[in-house]
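Down below is the structure, laid out as structure tokens.
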Amino acid sequence: MSLTLEQVKSKSSARLLGLHPVILSATTVLIERCYARGIPILITQGLRTNTEQDALYAQGRTKPGAIVTNAKGGYSYHNYGLAVDFALLLPNGSSVSWDMNRDYNDNNIKDWIEVVEEAKKLGFEWGGDWTSFKDYPHFQMVFALTLTQLRAGIKPSETALAKATAIIDRLKEEAKGDLSKIEELEAIVMKQDGRLRDVEKRLNISGKETYSINYTEAITAAKAAGAITTSADKSKLELNIIQMFFNLGLFKKGDK
């Protein structure tokens, strides 16, 4: 995975502001657990004010765009910091995807469904399970409160909050082991990358421009000398060895 966990989390940090503390904790653990499964996600929406909700409701009705919600201001759990929306964060770290069929971690399970599984473990309700207006990027945790109760100012009970927190804390501890292993692997990869750069320097190979020029010339010389029969399916290590031999002048036509 090209992005570190901290990089992934930082990309969602602004959208976590204003969430209910328990929802904030659950969402943070969701990001961590999905990352441990090889699926970085981005929180695209958290707390939404009533004014923002009304503007979103107007889209596709009195304003241009497609209809994306049936809720006016005060009629969405987003308005109370109890809901989040997500998208899959692509490896470049700057693009997202709502492709529900994507399987980037290549485990024959759709990444989107894996995120949903993790969210449900944490106690979130998924908008994709709704029958009337499915909202596939949406998760909410409502603590058995209706929107009418929330509009009336009723808060989640201490019992409900404690129960949710216990589940979140348990799953957070479970994720620590997986995240620790990932950090160890990342450290090993970084160390190996450093070693590879040192080898490349000793072979007088550095930079993409050098690869594109020197590899082609070295492979052509190696084929002409009969050292290799094809330029296809060569690993980076094999290419470096071929380049080293070429730099040493070992490929002469007719040598085998």
Side-chain angles (χ1 to χ4, degrees), residues 1-49 52-53 56 68 76-100 102-107 109-124 126-127 135-141 164-165 167-194 197:
M1 186 175 295
S2 57
L3 296 171
T4 67
L5 175 58
E6 290 309 311
Q7 288 173 326
V8 171
K9 291 169 73 172
S10 68
K11 292 181 179 296
S12 293
S13 59
R15 298 173 185 83
L16 301 182
L17 298 175
L19 289 177
H20 186 283
V22 174
I23 306 304
L24 172 59
S25 179
T27 303
T28 301
V29 175
L30 176 63
I31 295 172
E32 293 172 349
R33 288 179 66 89
C34 289
Y35 182 88
R37 294 180 71 161
I39 308 171
I41 64 171
L42 177 73
I43 301 305
T44 59
Q45 185 71 69
L47 176 67
R48 190 185 297 146
T49 66
E52 291 170 335
Q53 187 69 41
L56 196 63
V68 293
S76 168
Y77 285 101
H78 278 289
N79 306 148
Y80 305 94
L82 300 179
V84 297
D85 294 339
F86 83 97
L88 301 175
L89 184 61
L90 299 183
N92 62 18
S94 59
S95 304
V96 296
S97 171
W98 285 271
D99 182 0
M100 294 180 63
R102 194 169 186 271
D103 182 21
Y104 179 74
N105 61 357
D106 197 27
N107 64 350
I109 304 174
K110 297 174 182 177
D111 293 349
W112 198 276
I113 298 304
E114 290 190 78
V115 177
V116 171
E117 288 175 355
E118 292 295 343
K120 288 183 175 182
K121 289 178 185 176
L122 286 160
F124 280 111
W126 180 40
D135 192 351
Y136 294 104
H138 181 92
F139 297 127
Q140 62 185 38
M141 195 179 298
T165 299
I167 294 172
I168 295 165
D169 288 346
R170 175 175 57 81
L171 293 174
K172 182 176 183 178
E173 287 300 315
E174 286 182 6
K176 281 184 178 180
D178 291 335
L179 293 173
S180 177
K181 292 177 182 177
I182 290 174
E183 290 174 354
E184 290 176 4
L185 290 172
E186 287 176 342
I188 292 172
V189 169
M190 290 180 66
K191 187 175 182 180
Q192 294 298 332
D193 282 346
R197 284 192 293 270

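- Contact annotation: the side chain of F124 approaches that of I23 to within less than 4.5 Å [non-hydrogen atoms, C-beta and beyond].
- Nearest heavy-atom pair across A83 and H78 is O-ND1, 3.3 Å.
- L122 and A26 make their closest contact through CD1-O, 3.5 Å (heavy atoms, listed as atom of the first residue, atom of the second, distance).
- The CG atom of L47 sits 10.5 Å away from atom CD of Q53, with the distance rounded to the nearest 0.5 Å.
- Side-chain N or O atoms of S10 include one that pairs as donor or acceptor with a backbone N or O of Q7 at under 3.5 Å.
- Here the side chains of E174 and R33 are in contact, with some heavy-atom distance below 4.5 Å.
- Side chains of K9 and E32 form a contact here, defined as non-hydrogen atoms less than 4.5 Å apart.
- A donor-acceptor contact shorter than 3.5 Å is absent between the side chain of Y80 and the backbone of H20.
- Closest non-hydrogen pair, G93 versus L3, comes out as CA-CD1, 3.6 Å.
- Put simply, CD1 on I109 and CD1 on I113 are 10.0 Å apart, with the number rounded to the nearest 0.5 Å.
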Worked verdict on E52 versus N79 for side chain to side chain donor-acceptor pair (under 3.5 Å): CA-CA 9 Å; E52 291 170 335; N79 306 148; over 6 Å; no

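- Every residue meeting the salt bridge (Lys or Arg N to Asp or Glu O under 4.0 Å) condition with E117, not counting sequence neighbours, appears here in chain and number order: R37.
- Within the 4.5 Å cutoff, the side chain of W98 has no heavy atoms near those of the Y136 side chain.
- Note on E118 versus K121: salt bridge recorded, some NZ/NE/NH1/NH2 to OD/OE distance being below 4.0 Å.
- Atom-to-atom distance recorded for L171:CG and S25:OG is 10.5 Å, nearest 0.5 angstrom.
- Of the possible donor and acceptor atoms, none in the side chain of D169 sits under 3.5 Å from a partner among the backbone N and O of K172.
- Partners of K110 according to the salt bridge (Lys or Arg N to Asp or Glu O under 4.0 Å) rule, which considers only residues two or more places apart in sequence or in another chain, do not exist here.
- With contacts defined as side-chain heavy-atom distances shorter than 4.5 Å, the pair V84/Q140 does not qualify.
- In this structure, W112 has its ring center closer than 6.0 angstrom to the ring center of F86.
- For R15, the side-chain contact (heavy atoms from CB on, under 4.5 Å) criterion is met by L42, I43, not counting sequence neighbours.
- When all heavy atoms of T44 and A87 are compared, the pair lying nearest together is CG2-CB, 3.9 Å.
- Nearest heavy atom pair, residue V22 against residue A164, reads CG1-CB, 4.0 Å.
- T28 places a side-chain N or O within donor-acceptor distance of the main-chain N or O of L24, the cut-off being under 3.5 Å.
- For the pair F139 and V116, the minimum side-chain heavy-atom distance is below 4.5 Å.
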From CA spacing to verdict: side chain to side chain contact (heavy atoms under 4.5 Å, CB included), H138, W126: CA-CA 6 Å; H138 181 92; W126 180 40; 5.8 Å; no

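- Considering only residues two or more places apart in sequence or on other chains, K11 meets the salt bridge (Lys or Arg N to Asp or Glu O under 4.0 Å) condition with none of them.
- Side-chain contact check for C34 versus E114: every heavy-atom pair is 4.5 Å or farther apart.
- Put simply, the side chain of S12 reaches to within 4.5 Å of the side chain of I31, judged on heavy atoms.
- Residues passing the side-chain contact (heavy atoms from CB on, under 4.5 Å) test with D106 are D103, sequence neighbours excluded.
- Residues forming a side-chain contact (heavy atoms from CB on, under 4.5 Å) with R102 (at least two apart in sequence, or on another chain): L88, L90, P91, S97, D99, Y104, D111.
- Taken to the nearest 0.5 Å, the CD1 atom of I168 stands 10.5 Å off from the CG atom of L30.
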